[in-house]
Student: 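Below are the structure tokens for one structure; questions will follow.
First listed ligand is number 1; within each ligand, the first listed atom is number 1. As the structure is a computational prediction, the values presented were derived from the model and not from experiment.
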Amino acid sequence: HQATKQPPLPSPLRFSKFFQSNMRILVTGGAGFIGSHLVDRLMENEKNEVIVADNYFTGSKDNLKKWIGHPRFELIRHDVTEPLLIEVDQIYHLACPASPIFYKYNPVKTIKTNVIGTLNMLGLAKRVGARILLTSTSEVYGDPLVHPQPESYWGNVNPIGVRSCYDEGKRVAETLMFDYHRQHGLEIRVARIFNTYGPRMNIDDGRVVSNFIAQALRGEPLTVQSPGTQTRSFCYVSDLVDGLIRLMEGANSGPINLGNPGEFTMTELAETVKELINPTVEIKNVENTPDDPRQRKPDITKAKELLGWEPKVKLRDGLPLMEEDFRLRLGVGKKS
Ligand code: NAD
Ligand code: UDP
Ligand code: UDP
């Protein structure tokens, strides 16, 4: 006896799209540094409902405390390496430890987060027809042989080094994004984020800006890892979040570099922090870690042309904004 074929039931997503005009947005890794600032910005729009999925590895509920209990906000303890079944219209997929000391702590888990986590979020996006944005990284360029780095540069990455779980992991995540786009027609967005700084950075994450500010406030020497001539370009978090939302809302899949092209050596950064925050601290040279990229600066021509985006906050203006937050969290009083 052959069962008669039933027409498919409308999915809950199609139903709710019919009855409501709210945009349901999932932010994975939303309890982290960039994610929580993104959530703040998304929540400003009353048409947005925001769902955060985070396993709290490097993030914290504290970063979201002002939204807990809000009717348009939901927080789920969830590890993206496990499948997630919810109904959403957009996915900002940020979940992944971003600081070298955290992503090297359990490298296999970092790869799983990048590969299986991204695969799951793509499976979810495919099932519900959501647009998905991946926060990839300038680390996909490795130790770059082209300077500054345009999106067309394929990179110089060590596949078996201690950073590979992160940079090769993100490269596979990008590949998955483009394969789901080509094979299944998914609407994708890929951002390649360069070093970002601002309030709520993890104080002990070992990154250079958070280290220098915490050291300056504690009156400890600023640790410049040798040679000190290596460069980075630092983007203030509010500028970055603005770029992510423009990319999501725009028509271009990317990849698009998001970063501040102002380039500084680590010695210059230490001198700037010393001057602005604590002129009495010493600057000392310490040993570096393997595979440290010698220079990094984004070419943001594409972001300017396609998103009308460029950073507004200069390093000298952004550092003091971060200082206030670090003073509060470290319990260090105001300058007299
Ligand atoms: P972060 O560590 O503050 O935030 C990452 C968040 O993801 C944390 O809340 C963490 O708990 C969560 N997370 C980690 N693994 C998870 C898992 N398996 N399941 C669920 N949640 C998980 O880092 P961030 O600086 O806010 O970075 C956010 C994203 O931006 C990351 O994807 C990172 O690779 C990317 N990015 C950041 C920078 C930067 O300078 N901060 C630069 C390039 C790219
Ligand atoms: N997935 C998920 N949520 C969904 C749909 C899928 O987490 O709503 C996961 C699913 O468990 C799978 C992955 O996403 O591991 C990829 O799903 P897809 O349907 O693309 O592939 P398949 O399940 O056919 O391997
Ligand atoms: N760095 C430093 N002192 C520190 C921490 C980092 O001089 O206390 C240097 C590090 O060697 C690298 C740069 O700062 O050249 C940026 O390091 P970070 O870990 O912040 O980011 P990433 O290497 O991922 O760009």
Side-chain angles (χ1 to χ4, degrees), residues 27-38 52-60 63-64 76-87 92-103 109-110 112-114 116-128 130 134-140 163 166-167 169-170 173 176 180 183-184 186 191-198 200-202 205-212 214-215 222-235 237 240 244 258-259 265-267 269-270 285-289 291-296:
V27 181
T28 74
F33 159 53
I34 297 176
S36 64
H37 286 279
L38 173 65
V52 165
D54 202 295
N55 70 352
Y56 309 127
F57 171 41
T58 53
S60 144
N63 289 335
L64 296 167
I76 314 172
R77 177 189 289 266
H78 178 79
D79 192 308
V80 291
T81 60
E82 300 293 336
L84 178 62
L85 289 168
I86 56 172
E87 316 304 322
Y92 286 89
H93 177 41
L94 281 70
C96 178
S99 145
I101 58 168
F102 292 136
Y103 69 65
K109 176 74 189 192
T110 302
K112 284 186 185 171
T113 296
N114 275 319
I116 302 171
T118 303
L119 183 71
N120 283 336
M121 292 309 104
L122 284 162
L124 169 64
K126 186 178 91 180
R127 182 178 61 81
V128 300
L134 170 76
T135 51
S136 183
T137 169
S138 54
E139 297 268 337
V140 299
R163 281 177 176 255
Y166 184 70
D167 45 34
K170 289 283 188 182
L176 279 168
Y180 266 75
Q183 195 172 331
H184 299 301
L186 252 66
R192 290 188 180 149
I193 301 175
F194 285 64
N195 298 55
T196 302
Y197 71 101
R200 297 189 201 144
M201 270 183 104
N202 210 314
D205 70 0
R207 279 165 163 173
V208 68
V209 180
S210 42
N211 268 9
F212 285 178
Q215 287 162 344
L222 310 187
T223 51
V224 173
Q225 294 175 353
S226 61
T229 49
Q230 71 272 33
T231 67
R232 292 293 187 277
S233 305
F234 300 99
C235 187
V237 67
L240 197 268
L244 289 177
L258 294 178
T265 69
M266 293 312 102
T267 302
L269 176 68
N285 281 296
V286 298
E287 206 179 316
N288 206 336
T289 53
D291 291 344
D292 183 43
R294 283 158 294 176
Q295 51 181 10
R296 190 184 290 153

Student: Between Asn55 and Arg77, do the side chains contain an N or O donor and an N or O acceptor separated by less than 3.5 Å?
Tutor: no
Student: Return the set of residues passing side chain to side chain donor-acceptor pair (under 3.5 Å) with Asn285 (not counting sequence neighbours), or none when no residue passes.
Tutor: none
Student: Test your reading of the model: is there a side-chain donor-acceptor pair from Asn114 to the backbone of Ala173, 3.5 Å cut-off?
Tutor: no
Student: Mind checking whether Ile193 has an N or O less than 3.5 Å away from an N or O of ligand 1?
Tutor: no
Student: So is Met201 close enough to ligand 1, meaning a heavy atom under 4.0 angstrom away?
Tutor: no
Student: Among all protein non-hydrogen atoms, which one is nearest to atom 39 (C) of ligand 1, and what is the separation to 0.1 Å?
Tutor: Arg207 NH2, 3.4 Å
Student: Looking only at protein heavy atoms, identify the closest one to atom 28 (C) of ligand 1 and say how far it is in Å.
Tutor: Leu94 O, 3.9 Å
Student: Heavy atoms, side chains only, cut-off 4.5 Å: are Ile193 and Leu240 in contact?
Tutor: yes
Student: Select all protein residues for which some heavy-atom-to-ligand 2 distance is less than 4.0 Å, and list them by chain and number.
Tutor: Pro83, Leu84, Leu85, Leu119, Asn120, Gly123, Leu124, Lys126, Arg127, Tyr180
Student: Below 4.0 Å from ligand 1: does a non-hydrogen atom of Gly117 turn up there or not?
Tutor: no
Student: Side chains of His93 and Thr118: any donor to acceptor distance under 3.5 Å?
Tutor: yes
Student: Treating Thr81 as the side-chain partner and Gly117 as the backbone partner, does any N or O pair qualify as donor plus acceptor under 3.5 Å?
Tutor: no
Student: Do me a favour and list the nearest non-hydrogen protein atom to atom 40 (O) of ligand 1 with residue, atom name and distance?
Tutor: Thr196 N, 2.9 Å
Student: Would Ser136 count as a contact residue for ligand 1, given that I'm defining contact as a non-hydrogen atom of the residue lying under 4.0 Å from a ligand atom?
Tutor: yes
Student: With a cut-off of 4.0 Å, which atoms of ligand 3 are near a heavy atom of Val224?
Tutor: 7 (O)
Student: Quick one: look up the protein heavy atom nearest atom 17 (C) of ligand 1 and list residue, atom name and how far away it is.
Tutor: Asn55 ND2, 3.3 Å
Student: If you have a sec, work out which protein heavy atom is nearest atom 30 (O) of ligand 1 and how many Å separate them, to one decimal?
Tutor: Thr135 OG1, 3.6 Å
Student: Taking a cutoff of less than 4.0 Å between a non-hydrogen atom of the residue and any ligand atom, is Arg296 in contact with ligand 3?
Tutor: yes
Student: Does ligand 1 have a heavy atom under 4.0 Å from the side chain of Asp79, from its backbone, from both, or from neither?
Tutor: both
Student: Should the proximity of Arg163 to ligand 3, defined as any heavy atom under 4.0 Å, be assigned to the side chain, the backbone, both, or neither?
Tutor: side chain
Student: Which residue supplies the protein heavy atom nearest to atom 37 (C) of ligand 1, what is that atom called, and how far is it?
Tutor: Ile34 CD1, 3.7 Å
Student: Which residue holds the protein heavy atom closest to atom 14 (C) of ligand 1, what is that atom called, and what is the gap in Å?
Tutor: Cys96 N, 3.6 Å
Student: Give a yes or no on whether a salt bridge exists between Lys112 and Asp79, defined as a side-chain N under 4.0 angstrom from a carboxylate O.
Tutor: no
Student: Would you kindly specify which portion of Asn288 sits under 4.0 Å from ligand 3, judged on non-hydrogen atoms: side chain, backbone, both or neither?
Tutor: side chain
Student: Can an N or O of Thr223 be found at a distance shorter than 3.5 Å from an N or O of ligand 3?
Tutor: yes
Student: Heavy-atom contacts with Glu139 under 4.0 Å: which atoms of ligand 3 show up? List them by number with element.
Tutor: 22 (P), 24 (O)
Student: What part of Lys112, side chain, backbone, both or neither, has a heavy atom within less than 4.0 angstrom of ligand 1?
Tutor: neither
Student: Could an N or O of ligand 1 be found under 3.5 Å from any N or O of Thr58, whether backbone or side chain?
Tutor: yes
Student: Keeping the roles fixed (side chain from Gln215, backbone from Thr223), state whether a donor-acceptor pair exists under 3.5 Å.
Tutor: yes
Student: Just heavy atoms, cut-off under 4.0 Å: does Arg207 contact ligand 3 by side chain, backbone, both, or neither?
Tutor: both
Student: Taking heavy atoms and a distance under 4.0 Å, where does Tyr166 meet ligand 1: side chain, backbone, both or neither?
Tutor: side chain
Student: Closer than 3.5 angstrom, by distance alone: can the side chain of Gln230 be matched with the main-chain N or O of Gln225 as a donor-acceptor pair?
Tutor: yes
Student: May I ask you to check if ligand 1 and Lys109 share an N or O to N or O distance below 3.5 Å?
Tutor: no
Student: Heavy-atom pairs closer than 4.0 Å: do any link ligand 3 to the side chain of Asp292, the backbone, both, or neither?
Tutor: side chain
Student: What do you reckon, does Ser138 have a nitrogen or oxygen under 3.5 Å from a nitrogen or oxygen of ligand 1?
Tutor: no
Student: Side chain of Asp167, backbone of Val140: donor and acceptor closer than 3.5 Å?
Tutor: no
Student: For ligand 1, is there an N or O atom under 3.5 Å from any N or O atom of Phe33?
Tutor: yes
Student: Going by the rule ring pair (Phe, Tyr, Trp, His ring centres under 6.0 Å), which residues pair with His78 if we only count those two or more places apart in sequence or in a different chain?
Tutor: none
Student: Tell me the contacting part of Met266 for ligand 3: side chain, backbone, both, or neither, using a 4.0 Å heavy-atom threshold, strictly below.
Tutor: side chain
Student: Does an N or O from Val80, backbone or side chain, lie closer than 3.5 Å to an N or O of ligand 1?
Tutor: yes
Student: Which atoms of ligand 3 have any heavy atom of Asn211 under 4.0 Å away?
Tutor: 4 (C), 5 (C), 8 (O)
Student: Using a 4.0 Å cutoff against the non-hydrogen atoms of Gly206, which atoms of ligand 3 qualify?
Tutor: 5 (C)
Student: Can you tell which part of Thr289 has a heavy atom less than 4.0 Å from ligand 3: side chain, backbone, both or neither?
Tutor: neither
Student: Picking from Arg296, Lys170, Arg192, what satisfies side chain to side chain donor-acceptor pair (under 3.5 Å) with Glu139?
Tutor: Arg296
Student: With only distance considered, is Ala95 within less than 3.5 Å of ligand 1 through an N or O on each side?
Tutor: no
Student: Identify, for atom 9 (O) of ligand 1, the protein heavy atom at the shortest distance, and state residue, atom and that distance.
Tutor: Asp54 OD2, 2.6 Å
Student: For Tyr197, give me all partners under ring pair (Phe, Tyr, Trp, His ring centres under 6.0 Å), at least two apart in sequence or on another chain.
Tutor: Tyr236
